Amino acid sequence: MLKNIRTVFVLLFICGIAYPLLMTMLAQVIMPVKAEGSLIKNESGEIIGSEMIGQSYKDPGYFHGRISSINYDADWLRYAKLFSIK
């Protein structure tokens, strides 16, 4: 019984703490920009998004992105005129 509990705690430490920390540190060393989420900053240095969210793909092998996250245009008046919505 004690051996089983010890095994659980050893595996919990290895799989739940050591491995994630090792992979995070390795990612920070090998590719620091991607490990941080490929963040986009404005002129004042404020984080405004990520390069990986809402990408517009042209290759037919990819699914298309959500329309509201790529090339978003909220000008409803233009669409109302286009579809004669009053």
Side-chain angles (χ1 to χ4, degrees):
M1 174 83 170
L2 186 60
K3 185 177 179 181
N4 293 340
I5 293 173
R6 189 175 348 153
T7 303
V8 167
F9 280 108
V10 168
L11 287 174
L12 180 67
F13 174 76
I14 291 171
C15 297
I17 297 172
Y19 180 76
L21 284 176
L22 179 66
M23 290 299 112
T24 302
M25 290 186 306
L26 191 62
Q28 290 286 343
V29 170
I30 293 174
M31 48 188 169
V33 174
K34 288 186 178 186
E36 291 294 325
S38 303
L39 301 175
I40 301 172
K41 298 180 181 180
N42 62 10
E43 298 82 27
S44 64
E46 180 183 4
I47 297 172
I48 58 172
S50 173
E51 294 175 359
M52 307 306 288
I53 298 174
Q55 299 179 50
S56 179
Y57 294 105
K58 306 291 186 220
D59 189 347
Y62 294 109
F63 290 113
H64 57 83
R66 209 172 97 211
I67 301 302
S68 65
S69 65
I70 57 172
N71 302 328
Y72 184 66
D73 186 7
D75 186 6
W76 66 272
L77 281 176
R78 183 172 61 139
Y79 292 109
K81 292 175 187 173
L82 182 66
F83 295 109
S84 300
I85 299 171
K86 297 178 184 176

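The first residue in the sequence is number 1, and the count goes up from there. Just so it is clear, the model here is predicted, and its values are computed rather than measured.
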J.: If you look at every heavy atom in C15 and P20, which pair is closest and at what distance?
T.: O-CD, 3.4 Å
J.: Following the transitive rule for hydrophobic clusters with a side-chain heavy-atom cut-off under 4.5 Å over Ile, Leu, Val, Met, Phe, Trp and Tyr, establish whether V10 and L2 coincide in one cluster.
T.: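 No, separate clusters.
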J.: Report yes or no: do Y19 and L12 belong to one cluster of Ile/Leu/Val/Met/Phe/Trp/Tyr joined by side chain heavy-atom distances under 4.5 Å?
T.: no
J.: For the CD1 atom of I47 and the CG atom of L39, what is their distance to the nearest 0.5 Å?
T.: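 CG of L39 is found 4.5 Å from CD1 of I47.
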J.: Kindly work out whether a path of hydrophobic side-chain contacts (I/L/V/M/F/W/Y, heavy atoms less than 4.5 Å apart) joins L21 to F13.
T.: yes
J.: Do I30 and L22 sit in the same hydrophobic cluster, where Ile, Leu, Val, Met, Phe, Trp and Tyr count as joined when their side-chain heavy atoms come under 4.5 Å apart?
T.: yes
